[in-house]
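A short worksheet on the structure shown next.
Only heavy atoms go into these numbers, but all of them, side chains included; no hydrogens, no water, no symmetry mates. Just so we're on the same page: letters track the sequence lines, and every chain starts at 1.
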Number of protein chains: 2
Amino acid sequence: MEKEQEIEKNPSTEEKIKEAARRVFTRKGYAATRTRDIAEESGYNLALINYYFRSKEKLFDMIMVEHLQTFIHSVIGMLNDRDTSLQDKIQMLIGHYIDMLVKNPDLPLFILREISSSPGKLVEKVNFEAKHEDLYIIKQWKEMDALRQGPKVNPIHMMMNMIALVVFPFIASPLLRDRTGISLEEFNVLMEERKKLIPIWIKAIMNSATE
Amino acid sequence: MEKEQEIEKNPSTEEKIKEAARRVFTRKGYAATRTRDIAEESGYNLALINYYFRSKEKLFDMIMVEHLQTFIHSVIGMLNDRDTSLQDKIQMLIGHYIDMLVKNPDLPLFILREISSSPGKLVEKVNFEAKHEDLYIIKQWKEMDALRQGPKVNPIHMMMNMIALVVFPFIASPLLRDRTGISLEEFNVLMEERKKLIPIWIKAIMNSATE
DNA sequence: GTCTATATACGGATAGAC
DNA sequence: GTCTATCCGTATATAGAC
């Protein structure tokens, strides 16, 4: 308790280097990051990185695992909550998720980039806490889908749709901003709008008759 | 004509190296690719890369520009076609796009990764042929939106939604496959399904009342 | 714990033989 | 045109002073 507060207010050198590494790795990815960049960003010397973390790779792995856990933890709990309706769950989930992404806009591209370049290497180290099929939201969706007209839709589509609508704009943000000329502030306003719009859209998708 | 056929059937060394570079760069990105990887992939020696292309960076830029042009060209024409209705346009666009992505599943992540790591560096070299606001499909969407109930929705949202629903699954494919355990074949079946489903979903989104 | 200086390895690029 | 051998800058990692 005391120790944790100390870290908050008065971070140790180790913490400061880790924070610097987190920023640089997240922005540029593993391969494009030099330990010198991290040293510079942290305000300390290059040698200290190896003193505390032994190697670039070990430091990176640590950050990666933490990122994945942040990401997963922020979501899994809600996906499995048995007391909220599907609609409420979706609403909360999306609001929460977008808030997190506005604060950490580089996170999705970072995770997808690094996972695609070494698939399975780190994913296995992280506790996902639940298999995909066991998620309570999937059960809820299946129940809902059973009442609908037309052929059934694989719940994977629904998960993909929800995540795609929320996450993709953040991944495409540099290209989007370049093409449309909108500023970062305008982009964030759009993301705020989406907190309200996406749940409506998801509902519309769920109710859409498949011809 | 003769010359182009020759390249098809009996590619020159230069072409073979470029193809190898295309594969490796697309999969791993610029920073994580070593010229030695390209040499190995091509079956030729390292020195030949510099003989034909002067430097790793020049070779990469060439590939990048070609990729961007493929990407843009496959889409812009349709977005601007004045003879098809909005619905038909969306249907065609999505089918065409997904077909292309099934053949080139690494393309989206490649483009987004490289653009985010050097924003504006190469985008400017590529002719996008149209500013975002001038696209005919945007006009069509605005007309459609004007007839709808409720507050108007920024057309940027619609473009983002369409692209997100189509592209995101390909970007997330490694993570998705790891989590759900589905195979590449099963993934492609899902993508086939989406060719029919996404246009329906987009229509539902467009017609959704915003409370 | 933190620094400077240095060892070691790796990757991009070139020289020169064939 | 294509190869082998090598150069040289840069990046990671360590030794050792303070």
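Here R54(A) lies in heavy-atom contact (under 4.0 Å) with sugar-phosphate atoms only. Within the nucleic acid shown, T33(A) comes within 4.0 Å of sugar-phosphate atoms alone, with no base atom in reach, counting heavy atoms only. The residue Y44(B) sits close only to the backbone: its heavy atoms come under 4.0 Å of sugar-phosphate atoms, none of a base.
Between N45(A) atom CG and dC18(D) atom P there is a gap of 16 Å when expressed in whole angstrom units. If you take NZ of K56(B) and C1' of dC10(C), they are 12 Å apart, rounded to a whole angstrom. Taking atom CD of E57(B) as the reference point, atom P of dG11(C) lies 18 Å away to the nearest angstrom. Atoms CD1 (I17(B)) and C1' (dC3(D)) sit 12 Å apart, rounded to a whole Å. Regarding I49(B), its CD1 atom lies at a distance of 10 Å from the C1' atom of dG12(C), rounded to whole Å. Rounded to whole Å, atom P of dC3(C) lies 5 Å from atom CG of L48(A). Rounding to whole angstrom units, CG of residue N50(B) and C1' of dG16(C) are separated by 15 Å. Regarding R34(B), its CZ atom lies at a distance of 21 Å from the P atom of dG9(D), rounded to whole Å.
R22(B) and T26(B) share no donor-acceptor pair across their side chains, judged by distance under 3.5 Å alone.
Comparing dT2(C), dC3(D), dA15(D) against the side chain of A47(A) picks out dA15(D) as the nearest.
Taking side-chain N and O atoms only, T35(B) has a distance below 4.0 Å to OP1 or OP2 of dG12(C). At dG11(C), none of the side-chain N or O atoms of R36(B) fall inside 4.0 Å of OP1 or OP2 (strictly under the cut-off). A sub-4.0 Å separation between OP1 or OP2 of dT2(D) and a side-chain N or O of Y52(B) is present. At the phosphate of dT2(D), OP1 or OP2 sits under 4.0 Å from a side-chain N or O atom of T13(B).
Ionic pairing of R23(B) and D106(B) is not present here: no N-O contact between side-chain nitrogen and carboxylate oxygen is shorter than 4.0 angstrom.
Between Y51(A) and G43(B), the residue anchored closer to the 5' end of DNA chain D is G43(B), taking for each the nucleotide with the nearest heavy atom.
Relative orientation of the F25(B) and Y30(B) rings is parallel, given thresholds of 30° and 60° on the angle between their planes.
Between F168(B) and N161(A) the shortest side-chain heavy-atom distance does not fall below 4.5 Å. Using a 4.5 Å heavy-atom cutoff, the side chains of M160(A) and L176(B) are in contact.
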